[in-house]
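Values reported hereafter were calculated over all heavy atoms of this structure, with side chains retained and with hydrogens, waters and symmetry mates removed. Position 1 is the first residue of the sequence, and the numbers go up from there.
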Amino acid sequence: MTSYLLDLKVPARGTTCADETQPPSSTPKVAPPGTTLGELRNGVNERLDRLGALR
């Protein structure tokens with residue numbers, strides 16, 4: 001998955017993924033009340049920077 005997201009390399013034909021079911025207690029993450037759009041963008045940009053460092 002990382003290769004595709006970073007380099008747009010598709011997996012070899014016939015490749016399968018393991019079952020990645022979520023535990024029943026997991027809940028979607030929600031931004032705390034009062035979070036601004038700018039704060040959300042900064043969080044996304046930080047994660048993208050970390051992904052770039054993995055290359």
What pairs with T36 under side-chain contact (heavy atoms from CB on, under 4.5 Å), at least two apart in sequence or on another chain?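 Scan of T36 (side-chain contact (heavy atoms from CB on, under 4.5 Å), adjacent residues dropped) gives E39.
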
Distance check, rounded to the nearest 0.5 Å: N45 atom CG versus L40 atom CG?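 Separation between the atoms: 11.0 Å.
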
Applying the 4.5 Å side-chain criterion to the ILVMFWY set and letting contacts propagate, would L37 and V44 be lumped into a single cluster?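 Per the 4.5 Å side-chain linkage, L37 and V44 are not co-clustered.
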
Minimum heavy-atom separation for A12 to T15, with atom names?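 That closest heavy-atom pairing would be O-OG1, 2.6 Å.
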
